[in-house]
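FYI, side chains are in, hydrogens and waters are out, and symmetry mates aren't considered; it's all heavy atoms of this structure. Owing to the predicted nature of the structure, the values given are computational and were not obtained by experimental measurement. Residue indices begin at 1 and follow the sequence shown.
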Amino acid sequence: MIEVVLNDRLGKKVRVKCNEDDTIGDLKKLVASQTGTRPDKIRIQKWYIINKDHITLKDYEIHDGMGLELYYN
């Protein structure tokens, strides 16, 4: 299990526990359950790279304690 920190830059930080073999789509569902936002309205990215839903966290080299950016579409 790893813990990922997502910051929406509006004052909200979300901490989510997930597995490294979970997809970005799974991560969006976990974030949506904590924030109350629909998963299809969430965009997760690091710098300028927008993460695709079907690729795993391990493929993006997302590790324990890593911070990602959370945007609402």
Side-chain angles (χ1 to χ4, degrees):
M1 292 286 279
I2 63 171
E3 185 178 54
V4 181
V5 179
L6 295 111
N7 187 357
D8 69 353
R9 299 187 180 210
L10 298 172
K12 183 183 284 187
K13 281 190 178 179
V14 180
R15 294 182 176 269
V16 178
K17 290 196 178 283
C18 55
N19 294 317
E20 282 189 338
D21 57 347
D22 286 348
T23 62
I24 295 293
D26 296 335
L27 180 63
K28 283 184 180 182
K29 290 177 188 172
L30 292 170
V31 171
S33 67
Q34 287 190 11
T35 61
T37 309
R38 293 192 329 224
D40 57 338
K41 294 290 183 185
I42 293 174
R43 186 175 79 225
I44 297 173
Q45 66 185 54
K46 180 71 174 176
W47 292 93
Y48 297 108
I49 301 169
I50 299 172
N51 297 339
K52 308 277 189 234
D53 286 352
H54 63 281
I55 300 177
T56 63
L57 301 178
K58 189 187 306 181
D59 292 337
Y60 276 120
E61 298 179 358
I62 296 173
H63 305 293
D64 189 29
M66 193 164 187
L68 299 173
E69 298 166 9
L70 176 65
Y71 295 98
Y72 305 109
N73 291 339

Less than 4.5 Å apart, side chain to side chain, heavy atoms only: is that true for [X] and [Y]?
X: His63; Y: Glu20; answer: yes
X: Leu27; Y: Asp22; answer: no
X: Ile62; Y: Ile24; answer: yes
X: Cys18; Y: Asp26; answer: no

Nearest 0.5 angstrom please: [X] [atom1] to [Y] [atom2], how far?
X: Tyr72; Y: Ile42; atom1: OH; atom2: CD1; answer: 6.5 Å
X: Leu70; Y: Lys13; atom1: CG; atom2: NZ; answer: 12.5 Å
X: Lys28; Y: Ile44; atom1: NZ; atom2: CD1; answer: 6.0 Å
X: Tyr71; Y: Arg9; atom1: OH; atom2: CZ; answer: 4.5 Å
X: Arg43; Y: Asp8; atom1: CZ; atom2: CG; answer: 12.5 Å

Crowded around Arg38 CZ? As in, over 12 foreign heavy atoms under 6.0 Å?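 No - once you tally the heavy atoms of other residues, nucleotides and ligands closer than 6.0 Å, there are 12 at most.
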Which residue is it: Val4, Thr35, Val16? I am looking for the one with a side-chain contact (heavy atoms from CB on, under 4.5 Å) to Leu30.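 Checked Val4, Thr35, Val16 against Leu30; only one passes side-chain contact (heavy atoms from CB on, under 4.5 Å): Val16.
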Sole candidate of Asn7, Leu6, Val14, Val5 that passes side-chain contact (heavy atoms from CB on, under 4.5 Å) when paired with Leu68: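 With Leu68 as partner, side-chain contact (heavy atoms from CB on, under 4.5 Å) holds for just one option, Leu6.
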Go through the steps for His54 and Thr23 under the test side chain to side chain contact (heavy atoms under 4.5 Å, CB included), then give the verdict. CA-CA 6 Å; His54 63 281; Thr23 62; 5.8 Å; no
Give the C-alpha distance, both sets of side-chain angles, the deciding distance and a yes or no for side chain to side chain contact (heavy atoms under 4.5 Å, CB included) between Asn19 and Met1. CA-CA 5 Å; Asn19 294 317; Met1 292 286 279; 3.1 Å; yes
Check the hydrophobic clustering (I, L, V, M, F, W, Y; side-chain heavy atoms under 4.5 Å; chains of links allowed) and say if Ile55 and Val31 are grouped together.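 Linked within one cluster.
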